[in-house]
Amino acid sequence: MDKFMKRAVELALENVREGGQPFGAVLVKDDVILAEGVNELHKAFDVSGHAELLAIRRTQEQLQTNDLSGCVVYASGEPCAMCLTAMYFAGIEKVYYCASVEDAADAGLGKSKAIYEDLKNLKSERALPMIQIPLEEGQISPMRLWKEK
């Protein structure tokens, strides 16, 4: 097993022993670890406190950039849709993972699998209703303002 994946799995094991979930992540560039993370939901009561997101946040803060092009993530578990989306936004080049979302579901951690399945549905058929409310006539559009800037 790759040394970076070994580290991600070690982090996940340590996190389980400390009362957390079995997720660890390592963010790497040019064969150097820039940041690590574990799911901290049990510590911070923050649903966005996932291993991958924490590693991304730490790296962006350290490098003072939103662009993580050329970076690779090693995760003990297949990233959830939230983490995967953050990786797209950050420009992560590649993701390696160990346990699949199916493995996580088998372990009693099935939200990721359910969310991936729900995202395949049309917006109108998803479990979480999304309802667009248009701007009132004459209201300044934040998107138009951004575009004009």
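Here, residue 1 is the first one in the sequence, and each next residue gets the next number.
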Under-4.0 Å salt bridge between Glu36 and Arg7: yes

Between OG1 on residue Thr85 and CG on residue Leu53, distance to nearest 0.5 Å: 9.5 Å

Contact check, side chains of Glu93 and Cys71, non-hydrogen atoms, under 4.5 Å: no

Parallel, tilted or perpendicular: ring planes of Tyr96 versus Tyr74, cut at 30 and 60 degrees: parallel

Linked hydrophobic residues, Leu128 as query - side chain contacts closer than 4.5 Å: none

Val72 side chain near Ile92 side chain, heavy-atom distance below 4.5 Å: no

Phe89, CZ: over 12 other non-hydrogen atoms inside 6.0 angstrom: no

Expected output: side-chain Asp2 to main-chain Phe4 donor-acceptor under 3.5 Å: yes

Distance-only criterion, 3.5 Å: show the donor-acceptor pairs between side-chain atoms of residues 137-149 and protein atoms not counting sequence neighbours.
from   : atom 1 : to     : atom 2 : distance (Å)
Gln139 : OE1    : Glu136 : N      : 2.8
Ser141 : OG     : Met143 : N      : 3.3
Ser141 : OG     : Arg144 : N      : 3.1
Arg144 : NE     : Glu148 : OE2    : 3.3

Salt-bridge criterion met for Lys120 and Glu117 (N-O under 4.0 Å): yes

Ionic contact status for Arg58 with Glu40, cut-off 4.0 Å: yes

Heavy-atom side-chain contact between Asn15 and Ser76 under 4.5 Å: no

Heavy-atom donor-acceptor pair, Asp30 side chain to Val32 backbone, under 3.5 Å: no

